[in-house]
Amino acid sequence: MTDRAPQPVDRQLPTEESRDLLALVREIAQREIRPKAAEEEDSGRFPREVFTLLSEAGLLGLPYPGEFGGGEQPYEVYLQVLEELAAARLTVGLGVSVHSLACHGLAGYGTKEQQSAHLPAMLGGGLLGAYCLSEPAAGSDAASLTTKAVRDGDDWIITGTKAWITHGGVADFYTVLARTGVEGPKGITAFLVPGDIEGLTAAVPEKKMGMKGSPTAQLHFDGVRVPDARRIGEEGQGFGIALAALDAGRLGIAACAIGVAQAALDEALTYALDRKQFGHPIADFQGLRFMLADMATKIEAGRALYLAAARLRDAGKPFSRQAAMAKLFCTDAAMAVTTDAVQVLGGYGYTADFPVERLMREAKVLQIVEGTNQIQRMVIARHLAGPETR
């Protein structure tokens with residue numbers, strides 16, 4: 001192995017505590033996540049024990065208040081943790097991001113009584129969450145969702161189907177958006193639903209081109225009875241809660257995308273330095289050197305973009321436009337970088353013996369989840385030019 005092999009990312013972290021935290025994450029990733037990633041993704045095995053370990057290490061509640069078991073870390077730090085986890089295995093990095101998304105509604109809009117009752121277990125008690133917004137006929141147009149919640153005394157009866165749910169069928173709790181009133185965004189309310197509640201069933205997980213170890217499934221709500229004490233926020237406030245969560249969640253996807261891209265660059269660089277053709281390492285050839293330079297530049301630009309948006313969030317400033325930009329740029333960059341990594345490895349890159357083909361398949365979904373990149377462009381354009389007049 002050449003002494004020019006890739007080195008860990010040189011991160012600009014705000015405190016000594018955060019530097020120790022990233023060192024811990026790298027250690028866990030190297031010891032517990034990366035060695036099993038290829039085999040378990042190939043077999044479609046969900047690593048629940050890894051999420052239990054991350055919970056025990058305090059890594060499932062990093063951006064939330066310490067009062068309820070969270071890590072009180074700024075998003076600037078939390079997102080770099082996600083990047084490290086995703087570089088080791090996207091199923092884990094994206095899973096932590098989805099869990100954080102599922103906690104967002106209660107942490108931001110729940111009452112103190114609700115937060116005290118549920119957040120400690122959600123943030124550090126070994127539980128795993130999922131987020132239920134999309135439906136079979138309501139994806140990008142989430143405000144048209146049809147899952148209904150009808151009041152029955154002090155309870156709500158939820159009926160309908162949710163689709164594309166990460167951790168569907170294995171989560172311990174779900175943040176569910178359901179229609180309680182008029183059509184459109186003003187008639188939607190959020191609920192915290194236990195994973196083992198009567199009337200809630202999961203379909204067989206989807207067969208996907210990547211992230212095979214992360215279950216994605218439809219959830220069926222057949223008269224699920226939820227007490228009003230599990231309603232998050234006011235009636236009709238759910239869509240606003242969902243959008244706020246997605247702004248934060250899009251930064252999580254951006255960080256995961258850069259993690260995947262960084263892993264692909266590291267593999268490509270190692271291979272290019274070791275592989276010899278025509279008597280020289282292929283990294284000596286200008287055409288390939290320029291590819292590596294472009295890959296590294298996309299990664300650095302993406303990392304800077306998501307961190308700039310995170311710092312806005314940490315400062316309490318608006319960051320919706322920047323979150324959409326980060327999600328758009330970072331996921332497109334991940335697709336480009338992983339595709340180039342396969343090209344650098346040539347025929348070997350197209351085989352499952354090397355991880356770059358898996359990374360390329362995984363990068364594709366990041367351009368789709370939590371708002372397709374076409375939706376991100378719509379969000380950015382609305383910030384620039386205002387709503388469409390048609």
Side-chain angles (χ1 to χ4, degrees), residues 1-13 15-43 45-62 71 73 76-100 126 128 210-214 252 255-274 295-296 299-300 302-303 306 334 337-338 341 345 352-363 366:
M1 179 66 68
T2 175
D3 59 4
R4 293 182 293 171
Q7 299 298 310
V9 175
D10 183 16
R11 301 192 179 279
Q12 303 303 309
L13 295 162
T15 64
E16 188 64 35
E17 177 190 14
S18 61
R19 286 187 282 274
D20 291 342
L21 175 63
L22 265 293
L24 171 64
V25 171
R26 283 178 181 146
E27 179 186 346
I28 291 175
Q30 286 296 111
R31 186 182 70 242
E32 304 291 342
I33 301 175
R34 196 184 305 273
K36 305 174 185 176
E39 178 184 353
E40 292 190 348
E41 286 298 324
D42 186 54
S43 66
R45 182 181 180 278
F46 179 63
R48 181 57 195 256
E49 73 285 352
V50 170
F51 289 95
T52 300
L53 173 63
L54 295 177
S55 181
E56 292 172 350
L59 298 177
L60 288 191
L62 286 177
Q73 290 296 321
E76 175 187 3
V77 173
Y78 159 68
L79 293 178
Q80 294 187 76
V81 169
L82 287 186
E83 185 190 327
E84 290 283 348
L85 293 173
R89 185 177 179 185
L90 183 59
T91 284
V92 177
L94 186 65
V96 174
S97 181
V98 167
H99 173 82
S100 182
L128 187 65
M211 288 193 70
K212 298 179 180 180
S214 175
C256 286
I258 294 303
V260 170
Q262 184 69 57
L265 173 61
D266 289 348
E267 291 290 338
L269 180 58
T270 297
Y271 182 86
L273 291 168
D274 288 345
M295 292 160 72
I299 291 169
E300 289 287 350
R303 184 177 292 124
Y306 88 63
V337 168
T338 55
L345 270 69
D353 294 325
F354 291 80
V356 290
E357 63 84 27
R358 171 171 59 84
L359 295 171
M360 185 179 75
R361 288 185 287 106
E362 291 176 344
L366 298 175

| task | Could you tell me whether the side chain of L59 reaches within less than 4.5 Å of the side chain of L21, counting heavy atoms only? | result | yes
| query | Any donor-acceptor pair under 3.5 Å linking the side chain of T270 with the backbone of D266? | reply | yes
| Nearest-0.5 Å distance, CE of residue M295 to CG of residue L265 | 5.0 Å
| For A255 and L79, which heavy atoms make the closest approach, and how far apart are they? | CB-O, 3.3 Å
Name every donor-acceptor pair, under 3.5 Å, that has one atom in a side chain of residues 354-362 and the other anywhere in the protein, sequence neighbours excluded.
residue: E357; atom: OE1; partner: R361; partner atom: NE; Å: 2.9
residue: E357; atom: OE1; partner: R361; partner atom: NH2; Å: 3.2
residue: E357; atom: OE2; partner: R361; partner atom: NH2; Å: 3.2
residue: R361; atom: NH1; partner: M209; partner atom: O; Å: 2.5

| remark: Between V96 and F51 the two heavy atoms that sit nearest each other are N-CE2, 3.8 Å
| For A29 against P35, the heavy-atom pair lying closest together | O-CD, 4.0 Å
| note | dist T91:OG1 -> L85:CG (nearest 0.5 Å) comes out at 12.0 Å
| Does the side chain of L90 come within less than 4.5 Å of L366's, by heavy atoms? | yes
| task | Check for a donor-acceptor pair, side chain of T52 on one end and backbone N or O of R48 on the other, with a separation under 3.5 Å. | result | yes
| query | Side chains of S18 and Q73: donor-acceptor distance under 3.5 Å anywhere? | reply | no
| message | Looking at every heavy atom in both L22 and Q80, which two are closest together, and how far apart are they? | response | CD1-O, 3.8 Å
| query | To the nearest 0.5 Å, how far apart are CD in E32 and CD in E27? | reply | 9.0 Å
| Which value, rounded to the nearest 0.5 Å, describes the distance between R89 atom CZ and R34 atom CZ? | 12.5 Å
| Minimum-distance pair of heavy atoms, taken over all atoms of A334 and A261 | CA-CB, 4.0 Å
| query | Can any side-chain N or O of R19 pair as donor or acceptor with the backbone N or O of L13 at less than 3.5 Å? | reply | yes
| query | Salt bridge check: are K36 and E39 linked by an N-O gap of less than 4.0 Å? | reply | no
| Got a sec, which residues hit side chain to side chain contact (heavy atoms under 4.5 Å, CB included) with A23, two or more places apart in sequence or on another chain? | none
| Where is the tightest heavy-atom contact between T338 and A363, given as atom of each residue plus distance? | OG1-CB, 3.6 Å
| field | Spatial distance of atom NE2 (H99) from atom CG (L94) [nearest 0.5 Å] | value | 13.5 Å
| task | Working to the nearest 0.5 Å, report the span between CD of E49 and CG of L54. | result | 10.0 Å
